[in-house]
Amino acid sequence: MPVAHMKLSDMRDTFNDSRGGQRRHDATDIVAPRGTPVLAVEDGTIVKLFLSVPGGRTIYQFDPSERYCYYYAHLDAYESHLTEGTRVRRGEIIGYVGTTGNAPPNTPHLHFGITEIGKDKKWWGGTPLDPYPILRASGHTLGLKD
């Protein structure tokens, strides 16, 4: 789980929800108290720390194979040691749940997305994957391996 002290039963699948009637959500929102630690879901590398209008304070993390990108958004803060290029371990604290960007101010949550990235290895774009069934199926890994 990408949020400390949470279980799959604490969340719901929001991947196909509509956002503004214009687009699909393409992520799972995990509601948690502001400041709850956000955890790396897999070993990998932080490839981008980014501040955007919709996502607020965000983290993009590649898995070790650089086939998947994990997207963590609406963070109140990054873990103090985090920089682009930092290698992280599964379960390591990388940030804290918040409401930055276009998140409702009274609904702290982590917007968590997974994309399969292309051969160009860009942190943006890629093919969105529904995180909810992947988290549900995960045991020792996220279940994304061939």
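All values below come from the heavy atoms of this structure, side chains included, with hydrogens, waters and symmetry mates left out.
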Answer yes or no: is there a donor N or O on one side and an acceptor on the other, between the side chain of [X] and the main chain of [Y], under 3.5 Å?
{"X": "Thr100", "Y": "Arg57", "result": "yes"}
{"X": "Asp43", "Y": "Arg90", "result": "yes"}
{"X": "Thr45", "Y": "Gly85", "result": "no"}
{"X": "Tyr78", "Y": "Tyr96", "result": "no"}

Transitive ILVMFWY side-chain link [X] to [Y], under 4.5 Å:
{"X": "Val47", "Y": "Leu75", "answer": "no"}
{"X": "Tyr71", "Y": "Val41", "answer": "no"}
{"X": "Ile134", "Y": "Tyr60", "answer": "no"}

Side chain proximity check, [X] to [Y], heavy atoms < 4.5 angstrom:
{"X": "Val88", "Y": "Leu82", "answer": "yes"}
{"X": "Asp130", "Y": "Thr28", "answer": "yes"}
{"X": "Lys122", "Y": "Cys69", "answer": "no"}
{"X": "Thr99", "Y": "Thr107", "answer": "no"}
{"X": "Ile30", "Y": "His109", "answer": "no"}
{"X": "Pro64", "Y": "Glu42", "answer": "yes"}
{"X": "Ile93", "Y": "Leu39", "answer": "yes"}

Test Tyr72 against Phe112 for side-chain contact (heavy atoms from CB on, under 4.5 Å), laying out the working first. CA-CA 5 Å; Tyr72 310 82; Phe112 178 67; 3.8 Å; yes

Step through it carefully: locate the ring centre of Trp124, locate the ring centre of Phe50, and say whether they are under 6.0 Å apart. no

Please tell me whether Tyr68 and Phe62 form a close aromatic pair, meaning their ring centres lie under 6.0 Å apart. no

Measure up the His111 and His74 rings against each other and bin them: parallel (under 30°), tilted (30 to 60°), perpendicular (over 60°). perpendicular

Could you tell me which non-hydrogen atom of [X] sits nearest to which non-hydrogen atom of [Y], and how far apart they are?
{"X": "Pro131", "Y": "Gly113", "result": "CG-CA, 4.1 Å"}
{"X": "Gln61", "Y": "Ile46", "result": "CB-CD1, 4.1 Å"}
{"X": "Val3", "Y": "Ala32", "result": "CG1-CB, 3.9 Å"}
{"X": "Thr83", "Y": "Leu49", "result": "CA-CD1, 3.9 Å"}
{"X": "Pro33", "Y": "Pro108", "result": "C-CB, 4.3 Å"}
{"X": "Pro2", "Y": "Leu110", "result": "CB-CD2, 3.8 Å"}

Working to the nearest 0.5 Å, report the span between OG1 of Thr115 and CZ of Arg67. 12.0 Å

Distance check, rounded to the nearest 0.5 Å: Thr36 atom OG1 versus His5 atom NE2? 7.0 Å

